[in-house]
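This report refers to the structure that appears directly beneath it.
Convention: sequence-line order gives letters A, B, ...; per-chain numbering from 1.
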Protein chains: 2
Amino acid sequence: MGDLEYMIDPEPIEALKLINHRKTTHVLLIYGEMVASYEGRAKSQLEELMPRLIISKPDGTFMVHESSKREPRLWNPPPSSLYASIEQGILTIRSVRANPREVVIVEVPIIRFISALRLGTTVNYRVFGREEDVVNAIVNNPNIIEEGLQVVAKEYHTLVGDIDILARDSRGNLVVIECKRSQAGPEAVHQLKRYVEHLSQRENGTVRGILAAPSISSAAYHYLKLYSLEYRRVEPKWVV
Amino acid sequence: MGDLEYMIDPEPIEALKLINHRKTTHVLLIYGEMVASYEGRAKSQLEELMPRLIISKPDGTFMVHESSKREPRLWNPPPSSLYASIEQGILTIRSVRANPREVVIVEVPIIRFISALRLGTTVNYRVFGREEDVVNAIVNNPNIIEEGLQVVAKEYHTLVGDIDILARDSRGNLVVIECKRSQAGPEAVHQLKRYVEHLSQRENGTVRGILAAPSISSAAYHYLKLYSLEYRRVEPKWVV
DNA sequence: GCCTAGGTCCCGTCG
DNA sequence: CGACGGGGCCTAGGC
């Protein structure tokens, strides 16, 4: 199968040929000593020549990785375009993103290894335990929040943002429920407060606000109480 | 130099030896057909056997990449621990993160390629054009916001969050300045409104709020006007 | 160690 | 196409 090509210590011209031949169909790995620069939404430089790893994907993903961290040191997200050339005998790679315009330029005076791989893509990929799963769990069984709760709307749009769940309690009070898949912080409380204040303007009775999350930070809980909002512990349980 | 080791179509036992020998010092690349699963803060599975690329770094970074997107399909951020073994003749790799506990398990029945590389790490890395750069530009020359503005504090901590810049205008009014490095959205306006409301409670005079950003979305501008806040265009210029 | 806020965030979704 | 908000966000800095 032509799904793995590689060269050890290639001449720049040989590396260039492989890149141009495979860049739109294969994932390219380039290992060598290099310097690089980025300019676009921000700007930075890797001036020191040292061993780094370039990863290029056929969708235009471009990354320069170093020895630590999950994040690449420099990158362009897809869709970007790759242009390789040899300048003064040095393999030079340009990744250009159109909108916003961003350019990463890498010079690789020492190429230790280059490879072209064919990778697959998982279809119908699904992550369990997102915020949406918490929302659905509550909509399907509002009692996990409170007895007698009746869901009025899901993803209710307002001028100040979208409310995850709008409901009425057993006394007929409007209830705003803000859901989080992980620990709620101060921002979640401020969001909830904003929705409650907004709805209070055009509702005669009390409007309650409930933050539904697996946990809440202490500062967030402090604000919550200050604003007379409520917290309900809700685990983002996923089906086994 | 012992900075590049590789094997093509290795036996699982040979791959295992390389992994265990180099996992704490080198970046490992493993290309082959694999299935994988993740469980931790959320949960997901890659059930279909297909070619993927594993990248493991000595700090514990672990990634499973597919043919598109900048983000790995599965991963563990550093610090995580790597455990490799052979189970029923199949190379099996476990990446375990302690806190929060998260586990990625990859089975590689077909190993096409494995490599160990030594990469460097840039020291004193700096990105220009961050929010902090905008803040400093204003602190150094408040006139770019408004004539006669006097900066009172930078990173002023309040109960409802940190204010980028606190100042007084030429009439002695308190001014809250919220800075953004790129286009401001509704959240930035809500943030600013929160700070202004908070300070208004303990200030006799008017408290003004200014959003400083290179641009602002139309929806955000709408809120801004609604709340009687102000917008100043400020570019995150970096030195050439 | 937890918490908080920023990011060249990336990314999907919806207008 | 831009805009908006979620994310297994990741990462640095404070406490």
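In this structure, the NZ atom of B:Lys180 is 14 Å from the C1' atom of D:dC4, given to the nearest Å. Between B:Arg126 atom CZ and D:dA12 atom P the separation is 15 Å, expressed in whole Å. Rounded to an integer number of Å, the gap from CG of B:Asn99 to C1' of C:dG1 is 9 Å. If you measure from atom CZ of A:Arg194 to atom P of D:dC4, you get 12 Å, rounded to the nearest angstrom. Here D:dC10 presents its P atom at 15 Å from CZ of B:Phe62, a figure rounded to the nearest Å. Across the protein-nucleic acid pair, B:Leu46 atom CG and D:dG8 atom P stand 13 Å apart, rounded to whole Å. Distance CE (A:Met63) to C1' (D:dC10): 14 Å, rounded to an integer number of Å. As a whole-Å value, the separation of B:Asp162 CG from C:dA5 P is 6 Å.
Between the side chain of B:Arg22 and the backbone N or O of B:Ala116, no donor-acceptor pair lies under 3.5 Å. No side-chain donor-acceptor contact under 3.5 Å links B:Glu155 to the backbone of B:Ile163.
Under the 3.5 Å distance criterion, with hydrogens and angles disregarded, a donor-acceptor pair is assigned to the side chains of A:Tyr38 and A:Glu102. Under the 3.5 Å distance criterion, with hydrogens and angles disregarded, a donor-acceptor pair is assigned to the side chains of A:Lys57 and B:His65. No donor-acceptor contact under 3.5 angstrom links the side chains of B:Thr122 and A:Glu48, judged on distance only. Donor-acceptor pairing under 3.5 Å is lacking for the side chains of B:Tyr195 and B:Thr158.
Comparing D:dA3, C:dG6, C:dT8 by their nearest atom to the side chain of B:Glu131 picks out C:dG6. Here the nucleotide nearest the side chain of A:Ser217, chosen from C:dC2, C:dT4, C:dG6, is C:dT4. Across C:dG12, C:dG7, C:dC9, the shortest atom-to-atom separation from the side chain of B:Lys69 is found for C:dG12. Of the candidates D:dA3, D:dC10, C:dT8, the closest approach to any side-chain atom of A:Ala42 belongs to C:dT8. Ranking C:dG6, D:dG8, C:dT8 by closeness to the B:Arg41 side chain, first place goes to D:dG8. Here the nucleotide nearest the side chain of A:Arg181, chosen from D:dG7, C:dC9, C:dT4, is D:dG7.
Interface residues of residues 70-81 of chain B facing DNA chain C, ordered by number: B:Arg70, B:Glu71; criterion, heavy-atom separation under 4.0 Å.
The base of D:dG8 lies close enough to the side chain of B:Glu102 for a donor and an acceptor atom to sit less than 3.5 Å apart.
Among the atoms of the strands shown, base atoms are found under 4.0 Å from some heavy atom of B:Tyr125. Using a 4.0 Å heavy-atom criterion, one finds that B:Pro186 contacts the sugar-phosphate atoms exclusively. Across all strands, A:Glu187 comes closer than 4.0 Å to no nucleic acid atom at all (heavy-atom distances).
For D:dG8, there is no paired nucleotide, since no Watson-Crick or G-U wobble pair has both relevant distances below 3.5 Å.
On the P atoms, C:dT8 is 22 Å away from C:dT4, given to the nearest whole Å. Taking atom P on both D:dC4 and D:dG8, the two are 22 Å apart, rounded to the nearest angstrom.
Checking B:Ala219 against A:Ser182, the closest nucleotide of DNA chain D that is more toward the 5' end is the one next to B:Ala219. Across the interface with DNA chain C, nearest-nucleotide mapping of A:Ile216 and B:Asp164 shows A:Ile216 to be the residue nearer the 5′ end.
Note on A:Asp59 versus B:Arg70: no salt bridge recorded, every NZ/NE/NH1/NH2 to OD/OE distance being 4.0 Å or above.
B:Glu87 pairs by the side-chain contact (heavy atoms from CB on, under 4.5 Å) definition with B:Ser85, B:Thr92, B:Arg94, not counting sequence neighbours.
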